[in-house]
Structure formats: C-alpha cells, structure tokens
A.B. asks: 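Once you've had a glance at the structure underneath, I'll fire off some questions.
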Amino acid sequence: QQETERIHPLEGEGPWLVLHERYGFLEEAPPEDDCLLLSNQRLVGFSRREGRRRWTLLSLQDVDAVEVTDVARSLRPLLTGVLLVLGAVALVWLAAVFNMGSFLSWLIGGILVLLGAITASTYFVAEETATITFRTRTTEVSLALRTPQAVRDAYAMAQRLFQAKAGQAPIADWETAPGRERGEPGQGADA
C-alpha cells in the first residue's frame with residue numbers, strides 16, 4: 001500500500017487494474033506481495049527479492065511486447081516413478097523365482113519403490129509457475145503467476161494493455177473482464 005500511495009496519477013490517467021501473483025485481478029494492490037498495476041498510461045511492477053524492493057514504471061507506449069509463459073506439466077516424473085516401482089516388483093519376483101529371496105533383494109526393492117513414489121509425487125506437488133513479462137527496448141517487468149486464475153487474468157491484462165495503447169477500452173471495466181462472473185472482481189476463486 002505504501003508503494004502504491006507514492007504513485008500519483010498523471011493527467012488523464014484512468015483507473016488501475018491490479019494483477020496479483022496468486023489471486024489474479026484484485027481491487028487494490030496487496031501490501032507485501034508481488035503485483036503489476038496497469039492504467040491507461042502506465043504499467044507499474046512491484047517485486048521483492050532477497051530483501052530488496054523493485055519498483056518499475058513503464059509508459060504503455062514504450063511496451064513493445066508481452067509474453068505469457070505457461071508451464072506445461074511433463075509426464076516424465078510420473079513415468080519414471082512407475083518404471084522404478086515396476087523394476088522393484090520385477091527384482092523381487094526374479095529373486096523369488098531363482099530362490100534368491102534374501103533380505104538384500106527386498107531391501108533393494110523397497111528402496112526402488114520409495115524412490116519411485118518420491119519421483120512420481122513430484123508430478124503432483126511441484127509448484128510450477130507461469131510468468132507474464134512486459135518488454136520495452138531497454139527493460140522488462142515480469143510477474144510469476146502461481147495459480148490458474150492468475151494465468152487467466154494475465155492473458156486478460158495483456159489484452160487490456162494493447163486495448164489501452166490503441167485507446168479502445170477502459171482498463172478496469174470489471175463487468176466485462178474475461179473469465180469473471182458479473183459483480184465478482186478480484187475474488188481469486190482458484191487460489
């Protein structure tokens with residue numbers, strides 16, 4: 001809030017659209033989290049890394065490109081985990097068939113099952129982030145997007161930026177924001 005209070009509106013500057021890293025669109029900027037603010041004239045980025053706060057202001061006319069990088073979930077950890085578990089079963093079965101059912105074959109089989117379970121679990125619990133990046137010739141502003149709602153709203157923000165550059169639509173028209181139910185601005189339903 002303190003950072004946003006330092007931003008004084010320019011003459012003719014319209015309302016702000018706030019994109020939060022987890023909740024998507026919000027009605028006002030959060031006090032401690034990373035976010036992007038968009039008006040009809042400027043883009044403002046707030047980020048905090050390693051004890052430092054970064055505050056970046058860009059003119060909309062200087063923004064050349066917007067990139068939304070969404071992470072595609074790979075099946076590799078899941079397949080690797082299944083193969084390790086199958087290898088453990090095969091090892092124990094072969095040891096039993098050849099009457100080598102010693103403690104060592106069960107120990108190795110147990111370790112393979114454990115490693116397989118850990119590897120497969122990374123498919124379900126890994127926090128993969130998407131990113132939205134606004135670029136000018138000399139700098140860029142990025143925001144990590146940590147939920148599906150934030151990713152959807154990032155696409156909407158990119159669209160709104162280009163509409164604002166073209167003078168086509170107001171920035172923060174919540175009633176027509178893509179992916180929003182009427183009268184539910186910035187609730188972060190997927191958070």
Side-chain angles (χ1 to χ4, degrees), residues 1-74 125-181 183-191:
Q1 292 292 341
Q2 292 175 336
E3 284 89 354
T4 58
E5 290 172 2
R6 293 180 192 166
I7 303 172
H8 299 290
L10 301 174
E11 187 166 330
E13 190 166 26
W16 295 95
L17 186 64
V18 179
L19 181 65
H20 185 267
E21 62 185 345
R22 288 199 183 277
Y23 306 118
F25 287 141
L26 296 176
E27 291 183 20
E28 55 185 47
E32 294 295 322
D33 298 332
D34 294 355
C35 66
L36 294 173
L37 290 88
L38 178 66
S39 76
N40 62 342
Q41 294 183 21
R42 293 184 287 183
L43 175 74
V44 181
F46 294 109
S47 63
R48 289 152 190 85
R49 299 281 183 269
E50 299 169 3
R52 293 179 180 226
R53 285 188 246 173
R54 183 175 180 192
W55 190 53
T56 308
L57 293 144
L58 302 175
S59 167
L60 290 193
Q61 299 311 316
D62 293 338
V63 176
D64 297 327
V66 179
E67 177 182 333
V68 179
T69 307
D70 201 353
V71 179
R73 189 176 280 197
S74 172
V125 298
E127 184 175 323
E128 300 172 345
T129 59
T131 306
I132 185 169
T133 304
F134 295 87
R135 288 195 172 87
T136 68
R137 288 186 204 173
T138 58
T139 191
E140 64 182 36
V141 174
S142 294
L143 179 69
L145 307 167
R146 303 188 188 284
T147 63
Q149 181 65 49
V151 172
R152 282 191 297 273
D153 289 348
Y155 283 107
M157 181 178 252
Q159 181 69 25
R160 294 294 169 108
L161 176 127
F162 288 109
Q163 288 174 339
K165 280 184 73 159
Q168 292 177 356
I171 293 290
D173 185 1
W174 290 107
E175 297 301 317
T176 60
R180 292 280 175 211
E181 295 295 324
E184 293 186 13
Q187 296 301 316
D190 290 346

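What's counted below: heavy atoms across the whole structure, side chains too, no hydrogens, waters or symmetry copies.
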A.B. asks: Roughly how far, to the nearest 0.5 Å, is CG of Leu143 from CZ of Phe46?
C.D. replies: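 Those atoms lie 12.0 Å apart.
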A.B. asks: How about Arg135 and Asp64: do any of their side-chain heavy atoms sit closer than 4.5 Å?
C.D. replies: no
A.B. asks: Of the non-hydrogen atoms in Val66 and Ala158, which two are nearest, and what is the gap between them?
C.D. replies: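 Closest approach of Val66 to Ala158, heavy atoms only: CG1-CB, 3.6 Å.
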A.B. asks: To the nearest 0.5 angstrom, please state how far the CD atom of Glu21 sits from the CG atom of Asp33.
C.D. replies: 5.5 Å
A.B. asks: Testing Gln159, Lys165, Met157 for side chain to side chain contact (heavy atoms under 4.5 Å, CB included) with Leu161, which one passes?
C.D. replies: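 Among Gln159, Lys165, Met157, the one that satisfies the side chain to side chain contact (heavy atoms under 4.5 Å, CB included) with Leu161 is Lys165.
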A.B. asks: Find the distance between OH (Tyr23) and CG (Asp153) and round it off to the nearest 0.5 Å.
C.D. replies: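 Between Tyr23 OH and Asp153 CG, I get 13.5 Å after rounding to 0.5 Å.
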A.B. asks: Restricting to non-hydrogen atoms, name the atom on Val141 and the atom on Gly45 that form the minimum distance, rounded to 0.1 Å.
C.D. replies: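 Shortest heavy-atom contact: CG1-CA, 3.9 Å.
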A.B. asks: Under 4.5 Å between any side-chain heavy atoms of Asp34 and Arg48, yes or no?
C.D. replies: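 Yes, close enough: below the 4.5 Å cut-off.
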A.B. asks: Considering only heavy atoms from C-beta outward, does the side chain of Arg160 approach that of Leu38 to under 4.5 Å?
C.D. replies: yes
A.B. asks: Minimum heavy-atom separation for Arg146 to Ala144, with atom names?
C.D. replies: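 Reported closest heavy-atom pair: NH2-CB, 3.8 Å.
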A.B. asks: Is there a side-chain contact between Glu28 and Val18, using heavy atoms and a 4.5 Å cut-off?
C.D. replies: no
A.B. asks: Once you round to the nearest 0.5 Å, how far does CG of Leu60 lie from OG1 of Thr136?
C.D. replies: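 It is 12.0 Å, given to the nearest 0.5 Å.
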A.B. asks: Distance from Leu43 atom CG to Leu17 atom CG, nearest 0.5 Å?
C.D. replies: 10.0 Å
A.B. asks: Do you know the tightest heavy-atom contact between Leu145 and Ala154?
C.D. replies: CD1-CB, 3.4 Å
A.B. asks: Taking all atoms of both residues into account, what is the closest heavy-atom pair of Ser142 and Thr133, and its distance?
C.D. replies: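 Closest approach of Ser142 to Thr133: OG-OG1, 2.9 Å.
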A.B. asks: Calculate, to the nearest 0.5 Å, the distance between atoms CD and CD belonging to Gln41 and Gln61 respectively.
C.D. replies: 9.0 Å
